[in-house]
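These notes are about the structure you will find just below.
Chain A is the first sequence line, chain B the second, and so forth, proteins listed ahead of strands; every chain is numbered from 1.
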Protein chains: 2
Amino acid sequence: MGQRERGLIGGMQQDHVIVAAGEDIVSQGERSRNLYSVCCGWAVRYQMLRDGSRQILDVVLPGDPVALASVMLGASMHSVQALTPACFCTLNGRKVVALFQVNAKLALAVLRSRLEEECRTDIRLTMLGRMGAEERVGYFLIETFERLRQRGMTNGTTCRFPLRRVDIADAVGLSRVHLMRALRELRSQALVELNGGDMIVPRAARLAAYTGYTKVATSIGSDVRM
Amino acid sequence: MGQRERGLIGGMQQDHVIVAAGEDIVSQGERSRNLYSVCCGWAVRYQMLRDGSRQILDVVLPGDPVALASVMLGASMHSVQALTPACFCTLNGRKVVALFQVNAKLALAVLRSRLEEECRTDIRLTMLGRMGAEERVGYFLIETFERLRQRGMTNGTTCRFPLRRVDIADAVGLSRVHLMRALRELRSQALVELNGGDMIVPRAARLAAYTGYTKVATSIGSDVRM
DNA sequence: CGTAATCTTGACCAACGTCAATGTTCGTGG
DNA sequence: CCACGAACATTGACGTTGGTCAAGATTACG
């Protein structure tokens, strides 16, 4: 994507919204015409079930778009909640879609980034359907760690990690108690350690091997992440 | 999408490939430049794990594109296997991408259909992470049934359903034996019945209510499904 | 028929969830 | 600075769900 397209998107930014930790910026079922982009802070996409349980679909990091489906499809099937105080920049959804209709390169770049997400989602499906507790947790952690590393948000073997235990449990489909058991096991094998709000991965390659994680090519940096 | 775009895609069709039941048309890791579209027959997208277990990611029905990610990202992270003898039409991936770069409306239509898929995938994630065996199986069946109904492939309360028990088990993340238990329960409540290669759903609304399924708007018919 | 594949079920075992109790951290008001 | 409470983390004991093994029934096909 060239300077020109980046400028087009940049020029459409309307506002910055600050959201407190724990608050939703998008709600399941909502018909919003606003498109957001995480500017700083962490968030999660999630769904609630009838019985009150929650599934975290994905961790949303700075640079990731939020509510694209809501804008293009008319309604959002998931909520998005800030985990830390977070700042979102707002774009006019209608205008962005209009821009897509004119600028094929831009639409294509977004399509490509969606397809990359799709790959990650497929693997998460496999993880939930077919892996045991330790593998699931380890996989989720190394995947997030690698995403952070690609964005320069790690410090060698350490990074910020503001998810609570419940959040991790809801992301990997385990109960909070069983998640603790899995974490204990992973720590005892020196694969990952969570402490305060930090994650420590002494040997990323070892954790990757343990969980079956393999790096997937991304277009971060060379591509749009509105 | 107008007649013109449909014609552009239509004109690029090169070939028809016939694949026997049980054969792969796309393999995990493959770097193919071919794009396919299911023309008749059933297929599944799936991934294999190190330990030999398999996760079925999705059922691919007539009209669905195959290997879009492979073409646009350079490699496929999943395999696609025919469940029945199936016919795929082949498109030149490079040409299709080139077409996207020129025709924004087309790129946008494909993006929109990817976003719809994404909604379905999110729900499947939730199902695997948070639902019990009966709900998972019921959900998978009613979702597939509704997709078939939208394409006019059902006959009131009945439709073709060529998946074997193992396939269903691999799709919903259960063992074959436990899948049988769930099916027995669903049948005993007259929610679904599988027989031969057919599925019978006496009261779709009842099964939907039981599993928490809600219809999600799709652009089938009005949109591209190459 | 006969062989292979698939379906189906029972008996038993492992993984994971629930409950409940105890630490630990952190923010707030005195 | 301390006392207090609220939210979160951690662990043990025990129950439930779902996996594994193994055997027999059924179907598909040569």
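- Counting only heavy atoms from C-beta outward, the side chains of A:Thr144 and A:Arg147 never approach each other to under 4.5 Å.
- Rounded to whole Å, the distance from CZ on A:Arg130 to P on D:dG18 is 13 Å.
- Within the 4.0 angstrom heavy-atom criterion, only backbone atoms of the sugar-phosphate kind lie near A:Gly173; the bases stay farther away.
- Proximity of B:Arg184 to the phosphate of C:dT8: no side-chain N or O atom is located under 4.0 Å from OP1 or OP2.
- The side-chain heavy atoms of A:Gln28 and A:His78, taken from C-beta on, include no pair separated by under 4.5 Å.
- Close to C:dG17, at under 4.0 Å from its OP1 or OP2, lies no side-chain N or O of A:Arg176.
- When distances run from any side-chain atom of B:Met180 to the nucleotides C:dT8, C:dC16, D:dG12, the shortest one goes to C:dT8.
- Projected onto DNA chain C by closest heavy-atom contact, B:Arg187 and A:Leu179 fall at different nucleotides, the more 5' of which corresponds to B:Arg187.
- The distance from atom CG of B:Asp198 to atom P of C:dC7 is 14 Å, rounded to the nearest whole Å.
- Rounded to whole Å, the distance from CG on B:Leu128 to P on D:dG18 is 12 Å.
- You'll find the side chain of B:Arg120 reaches within 4.5 Å of the side chain of B:Glu143, heavy atoms only.
- Side chain of A:His178, nearest nucleotide from C:dG17, D:dG18, C:dT18: C:dG17.
- Side-chain contact, A:Asn34 with A:Ser32: no donor N or O sits under 3.5 Å from an acceptor N or O.
- Contacts of A:Gly132 with the nucleic acid, taken as non-hydrogen atoms under 4.0 Å apart, involve only primed sugar atoms and P, OP1 or OP2.
- The CG atom of A:Asn195 sits 14 Å away from the C1' atom of D:dC8 (whole-angstrom rounding).
- For A:Ser175, whose side chain is taken as the heavy atoms from C-beta onward, the closest listed nucleotide among D:dG18, C:dT18, C:dG10 is C:dT18.
- Put simply, the side chain of B:Tyr210 reaches to within 4.5 Å of the side chain of B:Leu186, judged on heavy atoms.
- A donor and an acceptor atom, one from each side chain of B:Glu30 and B:Ser76, are nowhere located under 3.5 Å apart.
- There is no side-chain donor-acceptor pair under 3.5 Å between B:Tyr36 and B:Asp64.
- Scanning atom types as modelled, one donor and one acceptor separated by under 3.5 angstrom connect the side chain of A:Arg181 and the base of C:dG17.
- In this structure, B:Arg50 places its CZ atom where more than 12 heavy-atom neighbours from other residues, nucleotides or ligands lie under 6.0 Å away.
- Spacing between atom CD of A:Glu193 and atom P of D:dA9 amounts to 15 Å, rounded to whole angstrom units.
- For the segment residues 161-170 of chain B, no residue has any heavy atom less than 4.0 angstrom from an atom of DNA chain D.
- Separating the CE atom of B:Met131 from the P atom of D:dG18 is a distance of 13 Å, rounded to the nearest angstrom.
- For the pair A:Glu185 CD and D:dT11 C1', the computed distance is 16 Å after rounding to whole Å.
- Classification of A:Asp51 and B:Arg130 as a salt-bridged pair fails, no side-chain N sitting under 4.0 Å from a carboxylate O.
- In the helix from C:dC1-D:dG30 to C:dG30-D:dC1, the end axes, each obtained as the rotation axis mapping the C1' atoms of four pairs onto the next four within a five-pair block, lie 40° apart to the nearest 10 degrees.
- A pairwise comparison of heavy atoms in A:Val192 and A:Val201 identifies CG1-CG2, 3.8 Å as the closest pair.
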